[in-house]
Amino acid sequence: MKIKEIKENKNQYLALLLLADEQEDMIYRYLDTGTMFVFEDNGVKAECVVTDEGNGILEIKNIAVVSEYQGKGYGKTLIDFIIQKYTGQYMILQVGTGDSPLTVPFYEKCGFTRSHIIKNFFTDNYDHPIYECGVQLVDMVYLRLKL
């Protein structure tokens, strides 16, 4: 098992990125400027893209685990890696996600707490309705963790 930084040809992971953010043009807003990490364990199992948002804030823009490996600790391990790597360099690690019964509890289990909401983010920025666990995502929920 190893986590490595991807510096070139990040779009080769587009299929995996689309698991967490299903609109390509939204991914391309952060892919070039973000730092990408890939978790390899007999093949790629997960990825994460983080961006420097200024003012000591690092943001997880995309984190995805290959479908058949979800729930096996790969996502949590990637978050733990990000926390360890960036503690002392940033004050806050944040993530924006849909208000879903799948993702919000995952981040809360990882130690994040709710920070703020951007109303209508998904309906204003995506060209189609986004659903998770049968719920349409409307608002972006931000969660934060002190580093």
Side-chain angles (χ1 to χ4, degrees), residues 3-39 44-67 69-147:
I3 296 173
K4 67 179 189 176
E5 183 177 346
I6 305 299
K7 295 184 179 190
E8 297 177 346
N9 302 316
K10 295 176 190 175
N11 59 349
Q12 71 181 314
Y13 299 97
L14 187 60
L16 187 52
L17 292 160
L18 285 165
L19 290 177
D21 192 345
E22 60 185 68
Q23 190 166 304
E24 279 187 45
D25 69 319
M26 295 297 281
I27 292 170
Y28 286 118
R29 289 182 182 187
Y30 55 78
L31 193 58
D32 286 340
T33 58
T35 303
M36 175 184 264
F37 298 97
V38 172
F39 191 139
V44 174
K45 299 295 189 279
E47 63 74 31
C48 181
V49 178
V50 295
T51 58
D52 182 337
E53 297 298 306
N55 298 320
I57 298 172
L58 183 70
E59 184 168 332
I60 296 172
K61 290 290 192 179
N62 189 310
I63 184 167
V65 177
V66 174
S67 298
Y69 297 101
Q70 291 176 2
K72 300 189 184 312
Y74 290 105
K76 172 81 166 86
T77 299
L78 259 178
I79 287 177
D80 290 344
F81 169 82
I82 297 297
I83 291 168
Q84 183 177 30
K85 179 172 182 61
Y86 290 105
T87 293
Q89 298 177 52
Y90 291 88
M91 297 182 314
I92 301 286
L93 177 61
Q94 75 178 12
V95 62
T97 189
D99 197 0
S100 155
L102 180 65
T103 54
V104 172
F106 167 74
Y107 289 114
E108 290 174 336
K109 283 182 190 175
C110 291
F112 289 79
T113 57
R114 288 177 185 251
S115 169
H116 60 283
I117 291 174
I118 297 179
K119 291 281 189 195
N120 302 317
F121 178 87
F122 291 98
T123 53
D124 289 347
N125 291 286
Y126 285 80
D127 62 11
H128 63 284
I130 307 289
Y131 290 89
E132 193 168 288
C133 297
V135 175
Q136 183 177 354
L137 304 182
V138 176
D139 302 330
M140 174 82 80
V141 176
Y142 272 89
L143 298 104
R144 287 184 165 184
L145 177 117
K146 278 189 174 184
L147 292 179

Exercise. Check salt bridge (charged side-chain N to carboxylate O under 4.0 Å, His left out) between Lys72 and all other residues, then give those that pass, not counting sequence neighbours.
Key: none

Exercise. Report the residues that fulfil side-chain hydrogen bond (donor to acceptor under 3.5 Å, both in side chains) with Lys146, sequence neighbours left out, ordered by chain and then residue number.
Key: none

Quiz prompt | Partners passing side-chain hydrogen bond (donor to acceptor under 3.5 Å, both in side chains) against Glu53 (at least two apart in sequence or in another chain) | solution = Thr51

Quiz item: Taking only residues two or more places apart in sequence or in another chain, which ones pass side-chain hydrogen bond (donor to acceptor under 3.5 Å, both in side chains) with Lys45?
Solution: none

Quiz item: Considering only heavy atoms from C-beta outward, does the side chain of Ile60 approach that of Ile79 to under 4.5 Å?
Solution: yes

Quiz prompt | Where at least one partner belongs to residues 82-106, residue pairs that pass ring-ring contact (aromatic ring centres under 6.0 Å, His included), sequence neighbours excluded | solution = Tyr86-Tyr90

Self-check item: Separation of Tyr126 OH from Glu22 CD (nearest 0.5 Å)
Solution: 8.0 Å

Quiz item: Taking only residues two or more places apart in sequence, or in another chain, which ones meet Lys4 in a salt bridge (charged side-chain N to carboxylate O under 4.0 Å, His left out)?
Solution: Glu40

Exercise. Any chance you could measure Leu58, atom CG, to Leu93, atom CG, to the nearest 0.5 Å?
Key: 5.5 Å

Quiz item: Who pairs with Asp32 by side-chain hydrogen bond (donor to acceptor under 3.5 Å, both in side chains), at least two apart in sequence or on another chain?
Solution: none

Name the atoms and distances for all side-chain donor-acceptor pairs under 3.5 Å in residues 107-117, with sequence neighbours left out.
from, atom 1, to, atom 2, distance (Å)
Arg114, NH2, Asp99, OD1, 3.4

Quiz prompt | Gln84, CD: over 12 other non-hydrogen atoms inside 6.0 angstrom | solution = no

Quiz item: Rounded to the nearest 0.5 Å, how far does CD1 of Ile6 lie from CD of Glu8?
Solution: 10.0 Å

Quiz prompt | Distance, nearest 0.5 Å, that separates CE of Met91 from CG of Leu147 | solution = 9.5 Å

Self-check item: Contact summary for Val65 and Gly75, nearest pair of heavy atoms
Solution: CG2-N, 3.7 Å

Quiz prompt | Student check: side-chain heavy atoms of Arg29 and Asp21 closer than 4.5 Å | solution = no

Quiz prompt | Interatomic spacing from CG in Asp127 to CG in Asp25 - rounded to 0.5 Å | solution = 6.5 Å

Using distance only, find each side-chain donor-acceptor pair of residues 130-141 under 3.5 Å and give its atom names and separation, not counting sequence neighbours.
from, atom 1, to, atom 2, distance (Å)
Glu132, OE2, Ser100, OG, 2.5
Glu132, OE2, Thr103, OG1, 3.4
Asp139, OD1, Asn120, N, 2.7

Self-check item: Distance in Å, Ile3 CD1 paired with Leu78 CG, rounded so as to fall on 0.5 Å steps
Solution: 4.5 Å

When the side chains of residues 10-17 are checked against the rest of the protein, which donor-acceptor pairs come out under 3.5 Å, sequence neighbours left out?
from, atom 1, to, atom 2, distance (Å)
Lys10, NZ, Leu31, O, 3.0
Lys10, NZ, Gly34, O, 2.5
Gln12, NE2, Asn9, O, 3.3

Exercise. Could you list the residues that satisfy ring pair (Phe, Tyr, Trp, His ring centres under 6.0 Å) with Phe81, not counting sequence neighbours?
Key: Phe37

Exercise. Quick one: list whatever passes side chain to side chain contact (heavy atoms under 4.5 Å, CB included) with Ser67, sequence neighbours left out.
Key: Leu19, Gln70

